[in-house]
Amino acid sequence: MNPLLHTLRCAALALLAVAAGASAHDYQAGAIRIDHPWARPTVPGQPAGGGFLVLRNESAAPDRLLSARSAAVERVELHLMKMEGDVMRMRQVEAIDLPAGATVKLEPGGLHLMLIGLKAPLKAGTRVPLMLRFEKAGEVAVEVAVEQPPAGQAPAHGGHGH
């Protein structure tokens, strides 16, 4: 292979690796791994948005997500969205159980974080600070990336912004 071509290929692969690492953002709280917190962009005047992430309990003991808070919103609530007959219903939940060794996805159309009382619209390309509080693992600060939903994710439901 041409040495120049080989060098260019290596440089391109290195850039791809850096770009992939820059977009991924994972966190750890004790035995709980928090994978890629994200939220959809919102429009001016939209009062709320949804926050999504994956929680992996890498412990042999269960834990629970008890609450979340952010300076970017008035309050954060833990929510569950599910079908009841022909109607999609959303309700606040007290906590989110994280069974031992389990993965729990907070995603559109299911469990999620409600970011209520947005102080400013969520703009694509920005990050929102968020503090998560677990029963056993304690607190951990994360950043929520504001981005379009990953391919294959459900669209926003009924204009609720999540």
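Atom CE in M90 sits 14.0 Å away from atom NZ in K82 (nearest 0.5 Å). Taking CD1 of I34 as the start and CZ of F134 as the end, the distance is 4.5 Å to the nearest 0.5 Å.
At a threshold of 4.5 Å between non-hydrogen side-chain atoms, the residues L78 and L113 count as touching. Side chains of H112 and E107 form no contact here, defined as non-hydrogen atoms less than 4.5 Å apart. Side chains of I32 and L55 form a contact here, defined as non-hydrogen atoms less than 4.5 Å apart. Considering only heavy atoms from C-beta on, M114 stays 4.5 Å or farther from M81 through its side chain. Residues Q148 and P41 form a side-chain contact, since some pair of their non-hydrogen atoms from C-beta on lies under 4.5 Å apart.
Within a 6.0 Å radius of NZ in K119, more than 12 heavy atoms belonging to other residues, nucleotides or ligands are found.
When all heavy atoms of S59 and A31 are compared, the pair lying nearest together is CB-CB, 3.4 Å. Nearest approach of F52 to A39, heavy atoms of both residues: CD1-CA, 4.4 Å.
Of the possible donor and acceptor atoms, one in the side chain of H25 sits under 3.5 Å from a partner among the backbone N and O of P37. A donor-acceptor contact shorter than 3.5 Å links the side chain of K136 to the backbone of P62.
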Could you walk me through whether R133 and L66 satisfy the side-chain contact (heavy atoms from CB on, under 4.5 Å) test, starting with their C-alpha distance in whole Å, then the side-chain angles of each, then the deciding distance to 0.1 Å, before giving a yes or no? CA-CA 6 Å; R133 186 171 65 93; L66 299 176; 3.4 Å; yes
Could you check L122 against L115 for side-chain contact (heavy atoms from CB on, under 4.5 Å), going step by step and ending with a plain yes or no? CA-CA 10 Å; L122 301 177; L115 309 173; 4.1 Å; yes
After noting the C-alpha distance and the side-chain angles of R75 and I116, does the key distance pass the side-chain contact (heavy atoms from CB on, under 4.5 Å) rule? CA-CA 5 Å; R75 71 184 185 278; I116 300 171; 3.6 Å; yes
Set out, in order, the CA-CA distance, both residues' side-chain angles and the distance that settles side-chain contact (heavy atoms from CB on, under 4.5 Å) for V128 and L130, then state yes or no. CA-CA 6 Å; V128 176; L130 183 73; 5.7 Å; no
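Remark: E135 engages no residue in a salt bridge (Lys or Arg N to Asp or Glu O under 4.0 Å) (not counting sequence neighbours). Here P121 pairs with T42, P44 under the side chain to side chain contact (heavy atoms under 4.5 Å, CB included) rule; sequence neighbours left out.
Note on V76 and Y27: same hydrophobic cluster, where clusters join Ile, Leu, Val, Met, Phe, Trp and Tyr whose side-chain heavy atoms are under 4.5 Å apart, directly or indirectly. Following chains of ILVMFWY side-chain contacts shorter than 4.5 Å, one can reach V104 starting from L65, so the two form part of one hydrophobic cluster. Grouping the Ile, Leu, Val, Met, Phe, Trp and Tyr side chains by contacts below 4.5 angstrom, directly or via other members, places M131 apart from L106.
Between R56 and D35 there is a salt bridge, since at least one side-chain N of the basic residue sits less than 4.0 Å from a carboxylate O of the acidic one.
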Can you list, pair by pair, the side-chain donor-acceptor contacts under 3.5 Å of residues 91-100, counting residues two or more places apart and other chains?
none

